[in-house]
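Scope of the values below: all heavy atoms of this structure, side chains included, with no hydrogens, waters or symmetry mates. In this chain, numbering begins with 1 at the start of the sequence shown.
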Amino acid sequence: MMYSSRRKPVLYFKEDRRFWSGKCTVYKLFGLCMVLVLVSLLWLQLSCTGDMSRVAVDDGRIPHQPCPLERQASAADDPSWGPHKLALLIPFRERFEELLVFVPFMHTFLNNKKILHKIFVINQMDHYRFNRASLINVGYTESGNDTDYIAMHDVDLLPLNEALDYGFPEEGPFHVASPELHPLYHYKTYVGGILLLTKQHYHMGAGVLFLAVSCSVFLKCNGMSNRFWGWGREDDEFYRRLRTAGLQLFRPSEIKTGYKTFRHIHDPAWRKRDQKRVAAQKQEQFKVDPEGGLTNLQYKVESRQELTISGAPVTVLNIKLECDTDKTPWCLLN
């Protein structure tokens with residue numbers, strides 16, 4: 001008998017009641033349990049395997065993810081993953097559409113490069129203006145002792161070139177999203193987008209020798225300044241901190257993809273940036289903050305959640321920042 005190519009037959013099975021007839025014996029219960037165990041193992045195997053094909057970034061699809069336990073086991077058994085572990089810090093507020101794409105994408109990207117990592121979303125919950133620098137300071141403080149370097153990473157920037165280096169920046173800060181590669185920002189002192197630092201460098205700069213007084217001192221990076229409420233300028237101030245601390249800045253070399261190296265998924269029409277500058281802020285935004293940073297950071301962790309997004313593990317820190325309105329009145333939304 002011929003069937004339409006758009007339809008397939010359903011096989012009917014004759015119902016057999018003999019298994020349940022009579023008393024429910026131990027053997028029958030044991031057999032039923034074995035069937036359930038086998039079905040569960042089969043389901044787990046199917047859900048944890050699949051085609052790990054390249055991410056289709058052009059249409060925003062989220063790729064299939066391997067089971068985290070499978071990845072952890074391979075990393076523990078394979079020394080090529082290396083001894084270092086990255087804390088990927090995402091300063092965040094109300095960018096859920098971008099986050100749903102970013103987390104699984106970066107989890108796959110870093111796994112393919114054999115980079116041990118932990119993803120942190122630092123979610124600002126208070127009613128002050130967005131403060132990217134303070135959220136990165138919080139992420140550094142809360143990331144724990146099992147990570148030894150950080151990536152300050154925008155949630156709307158996806159690396160498309162597999163040759164980009166996310167490894168341990170032992171020699172100095174490594175600016176992955178360099179001006180030659182970033183799709184939007186091309187000025188020479190730009191250090192935003194994606195910047196890698198060791199935790200030691202983020203907190204403390206290198207030793208600088210002052211010949212005039214014949215003594216060596218350590219200049220602190222002290223994290224990032226907490227004075228920058230609203231969008232922009234905090235990374236420009238951090239560039240000056242790195243230079244003052246005597247840290248050598250590095251950028252990618254031999255990357256031939258130019259401005260197509262990253263995909264920028266921010267929609268300015270849908271997510272408008274807070275670029276408002278009140279009177280005092282206009283002058284203060286170009287000054288170096290010599291005292292602010294990790295030492296005067298004030299915040300409260302409202303909650304800490306361990307989640308998965310399309311199989312990718314992520315730690316969400318729900319944060320309320322504090323603002324001294326006498327020193328930075330521009331933190332208020334008015």
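Within the 3.5 Å criterion, the main-chain N or O of Lys260 finds no donor-acceptor partner in the side chain of Thr257. The backbone N or O of Asn131 lies less than 3.5 Å from no partner atom in the side chain of Ser134, so there is not a single donor-acceptor pair. Side chain of Arg93 to main chain of Asn123: no donor-acceptor pair is present (N/O by atom type, distance under 3.5 Å, no hydrogens or angles). Between the side chain of Trp330 and the backbone N or O of Arg227, at least one donor-acceptor pair lies under 3.5 Å. Remark: side-chain polar atoms of Arg241 are paired, donor with acceptor, to backbone N or O of Asp289 under 3.5 angstrom. Between the side chain of His117 and the main chain of Ile115, a donor-acceptor pair closer than 3.5 Å is present.
Leu99 contributes atom CG, which lies 8.0 Å from atom CZ of Phe96 (distance to the nearest 0.5 angstrom). Rounding to the nearest 0.5 Å places CG of Leu181 at 4.0 Å from OG1 of Thr261. Annotation: the span from Leu249 atom CG to Glu171 atom CD amounts to 12.5 Å, rounded to 0.5 Å. Distance check: Met224 CE to Leu294 CG gives 10.5 Å after rounding to the nearest 0.5 Å. The line from CD1 of Ile90 to CD of Glu98 is 11.0 Å long, rounded to the nearest 0.5 Å. Summarising the geometry, atom CG belonging to Asn222 is positioned 9.5 Å from atom CG belonging to Leu297; distances are rounded to the nearest 0.5 Å.
Residues Thr189 and Val191 fail the side-chain proximity criterion, which asks for heavy atoms closer than 4.5 Å. For the pair Phe105/Leu160, a side-chain contact is recorded, criterion being any heavy-atom separation below 4.5 Å from C-beta on. With a 4.5 Å cut-off on side-chain heavy atoms, Thr328 and Cys323 count as touching.
A pairwise comparison of heavy atoms in Arg304 and Lys118 identifies NH2-NZ, 4.5 Å as the closest pair. Gly293 and Asn226 make their closest contact through O-ND2, 2.8 Å (heavy atoms, listed as atom of the first residue, atom of the second, distance). For the residue pair Pro159 and Leu157, the shortest heavy atom distance occurs at CD-O, 3.9 Å. Closest approach of Tyr149 to Pro169, counting heavy atoms only: CD1-CD, 3.4 Å. Of all heavy-atom pairs spanning Cys331 and Thr325, the tightest one is SG-CG2, 4.0 Å. For the residue pair Pro183 and Phe262, the shortest heavy atom distance occurs at CD-CB, 4.2 Å.
With respect to Arg233 and Glu237, no salt bridge is recorded, no charged nitrogen being found less than 4.0 Å from a carboxylate O. The pair Glu302-Lys300 meets the salt-bridge criterion, with a side-chain N (NZ, NE, NH1 or NH2) lying under 4.0 Å from an Asp/Glu carboxylate O. With respect to the salt-bridge test (charged N to carboxylate O, under 4.0 angstrom), the residues Asp154 and Arg132 qualify.
Between His182 and Tyr187, the side chains place no donor N or O within less than 3.5 Å of an acceptor N or O (distance only, hydrogens not considered). Neither side chain, Glu291 nor Asn296, offers a donor N or O lying under 3.5 Å from an acceptor on the other. If you check the side chains of Ser178 and His175, you find no donor sitting under 3.5 Å from an acceptor. With 3.5 Å as the limit, one finds a donor-acceptor pair spanning the side chains of Lys114 and Ser80. Between the side chains of Gln124 and Asp126, a donor-acceptor pair is found at a separation under 3.5 Å. Side-chain atoms of Lys199 and Ser143 include a donor-acceptor pair closer than 3.5 Å. Side-chain atoms of Tyr299 and Glu142 form a donor-acceptor pair, as typed in the model, at a separation below 3.5 Å. There is a side-chain donor-acceptor pair under 3.5 Å between Tyr202 and Asn137.
Ring pair Tyr185/Tyr190 is tilted by interplanar angle, where 30° to 60° counts as tilted.
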*Evaluate the ring-ring contact (aromatic ring centres under 6.0 Å, His included) criterion for residues Phe174 and Phe250: first the C-alpha distance (whole Å), next the side-chain angles of each, then the deciding distance (0.1 Å), finally the verdict.*
CA-CA 5 Å; Phe174 183 67; Phe250 294 87; 7.6 Å; no
*Carefully, step by step, assess Leu184 and His264 under the rule side-chain contact (heavy atoms from CB on, under 4.5 Å).*
CA-CA 9 Å; Leu184 297 179; His264 192 245; 3.5 Å; yes
*Decide yes or no on side-chain contact (heavy atoms from CB on, under 4.5 Å) for Leu164 and Asn161, but give the supporting numbers first.*
CA-CA 6 Å; Leu164 288 169; Asn161 191 326; 4.2 Å; yes
*Show the numbers, then the answer: is there a salt bridge (charged side-chain N to carboxylate O under 4.0 Å, His left out) between Lys85 and Asp148?*
CA-CA 6 Å; Lys85 188 173 183 179; Asp148 55 0; over 6 Å; no
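Phe102 has its ring centre less than 6.0 Å from the ring centre of His153.
Counting non-hydrogen atoms of other residues, nucleotides and ligands closer than 6.0 Å to NE2 of His186 gives a total above 12. Within 6.0 Å of the CD atom in Gln305, the count of heavy atoms belonging to other residues, nucleotides or ligands exceeds 12.
In terms of hydrophobic clustering, with Ile, Leu, Val, Met, Phe, Trp and Tyr side chains grouped at heavy-atom distances under 4.5 Å, Ile265 and Tyr259 are assigned to different clusters. Neither Phe130 nor Met125 shares a network with the other; the hydrophobic side chains, linked directly or stepwise wherever heavy atoms of I, L, V, M, F, W or Y lie under 4.5 Å apart, form separate groups for each.
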